[in-house]
Peer 1: 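Pasting in a structure now, in structure tokens, and then I'll have a few things to ask.
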Amino acid sequence: MKFNTKTIHGGQQHDSATGAIMPPIYQTSTYVQSSPGKHKGYEYSRAANPTRTALENSFASLEGGTHGFAFASGLAAIDCVLKTLNPGDEIITGEDLYGGTYRMFMKMFEKYGLKFHFVNMETPSNVTAKINKNTKLIWMETPTNPLMKIADIKMISSLVKKINPNILIAVDNTFATPYLQLPLSLGADIVMHSATKYLGGHSDLVMGALIVKDSHLAERLHFIQFAGGAIAGPQDSFLALRGIKTLHVRMKRHCENAMAVATYLKNHPKIAKVYYPGLPTDKNHEIAKTQMKDFGGMVSFTLKDESEAATLRVLENFKIFTLAESLGGVESLVNHPITMTHASMPAFEREKIGIKFSLIRLSVGIEDIEDLLADLKHVLA
């Protein structure tokens, strides 16, 4: 199947009991057994649920994997990956990272004996320079949140595997989605999503996803998920499946609108810098072109007037863009990283990588582009 067909049919089967086109919401915790240990493939919904299974099959199909897992949140999915490691293991990750991921790394797992190295992954040699005998995981986010940096997945994966083929490579593919980027085909072992965002697409659920190809790794992840219990419920699984069916048409409009917004901001006299890999002037444009089908719906920018007053004036006066956490829904959202998504990151770390008070992040929705540009013109005036 081509990708646009996979979003609708990939990994799916009609309900065997009724022929229902959409998988039913199996709102049940347990399942009848004809004899101890004899059942129809389901025992208890923490281990598996038919609605969640349908979603997980869709995840695997979209990313070109063999096993998919649906979690209660994106952070629960990351938590599961880190629990494959042991005290003393080391992880190399990007310095520009979602604030919640940074918080989990440094305020939870560091005290359990894991060591994290933060590097600029725009340069692959920064990654390989940190590899030692204790390195067990490379955690990539590309494009990054919120500075839209690009890591060359294929190059980094190739270099790392030549040094040690046992090092796991995981990619947070939330911003790109499988519509734009397929990390497993570029050498990654694990793909992670905050399915809350583009996969769900309608700002009505919280969910995470992991997708892998290796069956042994899949067994480890399933055991951790089953033992820890961080599963997605059947209602949210149904909503995510519904969202995925329009992923391809939504992402096309997200990309078109984001390019128009980035171009408008690039040429605006009050804007200091625009972060968007789709702009030909962006330092990562060429790398992004090689591994992404298009450039996504996320745009960040800074104001020339870096005062708090100027930034707040912009944030408080949008009419169509909504000031809110999260991203990836059909509606356009505006986010202030320092006070919202990256509030848990220490100020010196934010400053070191360039997250200023005047940095604003846009999740460009699928509204009429003329209305979105008019809204930007209004707030910047």
Peer 1: Using the rule that Ile, Leu, Val, Met, Phe, Trp and Tyr join whenever any side-chain heavy atoms are under 4.5 Å apart, tell me whether L147 and I156 fall into a single cluster.
Peer 2: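 No: no chain of side-chain contacts under 4.5 Å links L147 to I156.
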Peer 1: Between H268 and F301, does the ring centroid distance fall short of 6.0 Å?
Peer 2: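 Ring-ring flag for H268/F301: false, centres at least 6.0 Å apart.
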Peer 1: Show me the donor-acceptor pairs within less than 3.5 Å that the side chains of residues 326-335 make with the rest of the protein, sequence neighbours left out.
Peer 2:
residue: E331; atom: OE2; partner: S203; partner atom: OG; Å: 2.5
residue: S332; atom: OG; partner: G365; partner atom: N; Å: 2.7
residue: S332; atom: OG; partner: E367; partner atom: OE1; Å: 2.8
residue: N335; atom: OD1; partner: T341; partner atom: OG1; Å: 3.4

Peer 1: Tell me whether Y98 is reachable from L82 by hopping between hydrophobic residues (I, L, V, M, F, W, Y) whose side-chain heavy atoms are closer than 4.5 Å.
Peer 2: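 Result: yes, single cluster for both.
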Peer 1: Return each pair, listed once, that meets ring pair (Phe, Tyr, Trp, His ring centres under 6.0 Å) where at least one residue sits in residues 217-255; pairs must be two or more places apart or across chains.
Peer 2: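 As it turns out, the ring pair (Phe, Tyr, Trp, His ring centres under 6.0 Å) pairs with a partner in residues 217-255, which skip direct neighbours, are Y198-H254.
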Peer 1: Hey, can you tell me if Y31 and Y42 have their rings parallel, tilted or perpendicular (30° and 60° cut-offs)?
Peer 2: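 Geometry flag for Y42 against Y31: tilted rings.
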Peer 1: Does anything in residues 52-92 form a ring pair (Phe, Tyr, Trp, His ring centres under 6.0 Å)? List the pairs, not counting sequence neighbours.
Peer 2: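 Non-adjacent pairs meeting ring pair (Phe, Tyr, Trp, His ring centres under 6.0 Å): zero.
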Peer 1: According to the salt bridge (Lys or Arg N to Asp or Glu O under 4.0 Å) rule, which pairs have a member within residues 106-120, sequence neighbours left out?
Peer 2: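 Every pair satisfying salt bridge (Lys or Arg N to Asp or Glu O under 4.0 Å) with a residue in residues 106-120: there are none.
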Peer 1: Please determine if R242 and D204 form a salt bridge, counting it only when a charged side-chain N lies under 4.0 Å from a carboxylate O.
Peer 2: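 Judged by the 4.0 Å cut-off on N to carboxylate O distance, R242 and D204 do form a salt bridge.
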Peer 1: Going through the checks in order, is the side-chain hydrogen bond (donor to acceptor under 3.5 Å, both in side chains) test met by N120 and T123?
Peer 2: CA-CA 6 Å; N120 183 348; T123 304; 5.4 Å; no
Peer 1: Any donor-acceptor pair under 3.5 Å linking the side chain of R361 with the backbone of M298?
Peer 2: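 No, R361 side chain to M298 backbone: no donor-acceptor pair under 3.5 Å.
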Peer 1: Give me each pair satisfying ring pair (Phe, Tyr, Trp, His ring centres under 6.0 Å) with a member in residues 357-381, each pair once, sequence neighbours excluded.
Peer 2: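 Residue pairs with at least one partner in residues 357-381: H336-F357.
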Peer 1: Could you tell me which residues satisfy ring-ring contact (aromatic ring centres under 6.0 Å, His included) with Y26, sequence neighbours excluded, listed by chain and number?
Peer 2: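 Y26 satisfies ring-ring contact (aromatic ring centres under 6.0 Å, His included) with no other residue.
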Peer 1: Is any side-chain N of the basic residue among R220 and D214 closer than 4.0 Å to the acidic one's carboxylate O?
Peer 2: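 So R220 does not pair with D214 through a salt bridge.
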Peer 1: Using 30° and 60° as the class limits, which term best fits the ring planes of F105 and W139: parallel, tilted or perpendicular?
Peer 2: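 Correct class here is perpendicular.
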